[in-house]
Structures are given as structure tokens and as C-alpha cells.
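Proteins get letters first, then strands, A, B, ... in listed order; numbering begins at 1 in each.
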Number of protein chains: 2
Amino acid sequence: MISQEEAETEETVTCLHMTFYHPCQEDKMMFRCLNFCKREQVRADEMAKFGRDSNICHYNLLDTRVSRIQFSLQFYRKLHSSESCFEIKNMSKKTKLIVDKTELGYLNKIDLPWKCIICFGDYQILAEIQEGEAMDYFETHLHLAQVPILQERCLPSPQPVPESGFSSSSMSSQDKNPIEIDENESC
Amino acid sequence: MISQEEAETEETVTCLHMTFYHPCQEDKMMFRCLNFCKREQVRADEMAKFGRDSNICHYNLLDTRVSRIQFSLQFYRKLHSSESCFEIKNMSKKTKLIVDKTELGYLNKIDLPWKCIICFGDYQILAEIQEGEAMDYFETHLHLAQVPILQERCLPSPQPVPESGFSSSSMSSQDKNPIEIDENESC
């Protein structure tokens with residue numbers, strides 16, 4: 001038996017935290033196949049795919065408005081550097097993928113910032129990378145948001161109800177969807 | 001029936017030509033599972049994988065010295081451009097992948113130049129991209145080289161046999177492997 005002193009130094013593992021939000025998540029339950037309970041290991045040589053087709057996508061979104069493969073993530077090591085990184089690629093011909101302020105068309109790809117917001121259609125995902133050393137695999141840890149992630153445009157206005165009878169909440173309901181959406185994507 | 005005049009304009013397809021060479025290709029027949037006869041279509045959302053494990057790699061190299069996945073190629077569209085491109089990624093922990101003069105370690109990746117030489121171990125591959133318009137898929141066309149691709153370092157010296165008895169060909173035989181190889185990689 002190898003004692004704790006003799007054992008190899010344990011490696012830390014890069015973990016990609018992803019917090020999901022959709023305004024209709026309670027009614028449509030599109031996230032019901034995602035595993036929010038525990039971290040999952042992904043081999044470094046595999047693409048992590050998110051989309052509607054469960055035969056291809058390990059991260060399955062149950063929504064007919066989602067593409068067969070919506071987007072994919074790959075883990076890689078930067079050239080001439082020990083730094084590892086994730087790259088996100090839009091696999092949807094129909095829907096733009098927005099990473100912070102960068103709009104990705106079909107087959108466009110970009111390095112994932114250490115903390116960013118990914119949007120497509122009505123979906124909002126907060127992605128946060130927790131750095132680790134392991135190179136053979138990484139982990140994903142999914143979370144479910146109870147409130148919109150793009151809060152600054154979603155929070156009800158703090159102004160009081162004016163006398164005209166129009167409440168701030170009824171005004172803001174028109175602006176409820178904080179991100180640009182396809183005409184077919186509203187729920 | 002749609003006449004030729006009414007039919008939609010036919011799209012050209014991006015084709016990646018790859019010419020393979022290994023000094024022991026006739027004895028070891030590591031290329032016998034590659035299809036050199038015809039072009040093959042690859043979906044744009046798939047990775048083209050080259051390696052030993054035929055369960056994962058469509059392009060299968062029958063050689064115990066080749067990694068399970070040696071390298072992968074992905075098709076993508078450059079951001080803010082209509083240009084499409086291939087990216088090559090070294091998936092081998094054991095063997096460096098050399099693209100022209102750039103050495104890629106495990107999980108390093110690089111854009112594939114329009115014409116380049118890819119090397120790993122004793123393998124040499126000449127890659128040439130023939131541009132097309134189609135975005136849903138690309139084609140691969142594999143060829144087999146009869147002579148080394150890195151010819152400038154492999155051709156026998158044109159000098160005459162000196163009187164000492166050492167012929168230029170016997171001298172060049174020591175320098176027969178034109179690329180840097182792992183100590184386990186020589187055949």
C-alpha cells in the first residue's frame with residue numbers, strides 16, 4: 001500500500017462551470033437531461049457537444065428549437081505555452097451564438113474567456129473556468145440559474161408605479177428577452 | 001424534371017488532398033485501410049481523425065507505433081470572413097506533430113496552411129487544400145507517394161563515388177530518415 005507521503009502528487013483538474021438559464025425552463029423543462037448534481041469527466045481528446053440530438057450530444061437540450069448540435073467545446077493547449085484553454089464553436093446554421101459581445105455564425109469559433117456569458121436564442125449560459133493541471137481530461141459542472149443571467153437588462157425597474165396606471169413591470173415585460181432572438185425562437 | 005437552366009447553381013466543395021509516405025509502407029502496409037481510390041465526404045460538424053483506433057478514427061493507420069488518435073482535423077469558418085479553413089490538432093501524448101516548421105505537442109493546434117508537409121514519427125504527409133464554397137461538408141482525397149515527400153533531404157547525393165570506396169548512397173543511408181523521430185519510432 002502506498003502511503004500518502006509516497007503517493008504521486010495529486011493533479012488538480014480544469015473544471016468548466018456552466019450555469020444555464022432559459023425564461024421557460026420551468027414549463028418546457030428543456031434542461032431535464034442535464035446532470036446538475038455532479039461533476040462529469042470529459043476526455044481531453046473529445047469534443048463536448050451541446051444540442052438536441054442525444055446520439056451526438058452528451059449535453060442534451062430537449063427543445064425542438066435547438067439545433068441537432070448547437071455548439072461544441074474543445075479543450076486544447078496553447079502553442080508555446082503551458083496554458084490550457086477551451087474553444088467554443090457554433091455548429092448551428094440557424095442561430096447565432098453570442099459569446100459576451102462576439103457573434104459567431106455557423107462554424108465560427110473563438111477562445112472561451114475565463115468568465116463569459118454564452119447566448120443563443122433565449123438561452124443564457126454563464127461559463128466560468130476553474131484552472132487545473134491535468135491534461136488528459138477536464139470536468140464540467142453544470143448549474144441551474146433561477147433568475148436571468150443577463151440581469152442588468154432583465155431586472156424589473158426600481159421605479160415606483162406611475163399614476164398613469166402603467167406599472168414598470170408591465171413596461172419591462174416587452175423587454176423581457178434580454179438577448180436578440182430568431183423569429184422562430186421565442187417561447 | 002428540372003432543366004439544367006433552372007437547377008440551382010452547383011456548389012464547389014473544399015477538398016483536402018493528402019499524400020502519404022512512410023519508408024516502410026511496402027513491408028508494413030500501414031496504409032492498407034486508407035481509401036486511395038476515391039474522394040470521401042466529411043460532414044463539416046465532424047472531426048476527421050487519423051490514428052490506430054478504428055473505433056474512433058475513420059482514417060485508420062495500421063501501426064502499433066501510431067497513437068490511438070494521432071491527429072485530428074476540423075473544418076471551420078474564420079470569424080468576420082467568408083474564408084473557410086482547416087485546423088490540425090496533435091492528439092498524441094507520445095509523438096510530436098510537425099506542420100512545416102511548427103512543432104505541435106499534445107493538444108496543440110494550428111491552422112493548416114494551404115500547402116504544407118505534416119510529419120510525425122517516420123510518417124510524411126503532403127496536405128494541399130483545394131478551395132470550395134460548400135459549408136455543410138468537405139471532401140478528402142488521399143494519395144500514396146512512391147518516393148519520400150521531404151525529398152531535399154532524401155535524394156541520393158548527385159556526387160560521384162569517391163575513390164575511398166564510400167559511395168554517396170551508402171553515406172546517405174544513415175541520413176535516410178529525413179525527419180526527427182522518437183527512439184521507439186524507427187522501423
For A/Ala145 against A/Tyr21, the heavy-atom pair lying closest together | O-CD1, 3.8 Å
Tightest non-hydrogen contact, residues B/Gln124 and B/Leu150, listed as OE1-N, 3.0 Å
Using modelled atom types only, decide if a donor and an acceptor are shared between the side chain of A/Thr12 and the backbone of A/Gly132 within a distance under 3.5 Å.
-> no
What one should report as the nearest heavy-atom pair of B/Ile118 and B/Leu97 is CG2-CD1, 3.8 Å
Report the option among A/Met91, A/Glu87, A/Lys78 that has the most heavy-atom pairs separated by less than 4.5 Å from atoms of chain B.
-> A/Glu87
Interface residues of residues 134-141 of chain A facing chain B - non-hydrogen atoms under 4.5 Å apart = A/Met135, A/Asp136
Do other residues, nucleotides or ligands put more than 12 heavy atoms under 6.0 Å from the CD atom of B/Glu10?
-> no
Heavy-atom closest pair, residues A/Tyr76 and B/Leu107 = CB-O, 3.4 Å
Whatever's closer than 4.5 Å to a heavy atom in chain B on A/Thr102 counts as side chain
Taking all non-hydrogen atoms of both residues, which atom of B/Lys28 and which atom of B/Arg32 are closest, and how far apart?
-> O-NH1, 3.7 Å
State, to 0.1 Å, how close B/Thr95 and B/Gly121 come at their nearest heavy-atom pair, and which atoms those are.
-> CG2-N, 3.6 Å
Spell out, as yes or no, whether a donor-acceptor pair under 3.5 Å connects the side chain of B/Asp63 to the backbone of B/Met30.
-> no
When the 4.5 angstrom heavy-atom criterion is applied to B/Lys89 and chain A, the contacting part is side chain
Engaged part of B/Leu79 at the chain A interface, taking heavy atoms whose separation is under 4.5 Å = both
Return yes if a side-chain donor-acceptor contact under 3.5 Å exists between B/Gln74 and A/Lys109, otherwise no.
-> no
Mind checking which of residues 43-54 of chain A sit less than 4.5 Å from chain B, heavy atom to heavy atom?
-> A/Arg43, A/Ala44, A/Asp45, A/Met47, A/Lys49
Taking the inter-plane angle between the rings of B/Phe36 and B/Phe31 on a 0 to 90° scale, is it parallel (under 30°), tilted (30 to 60°) or perpendicular (over 60°)?
-> perpendicular
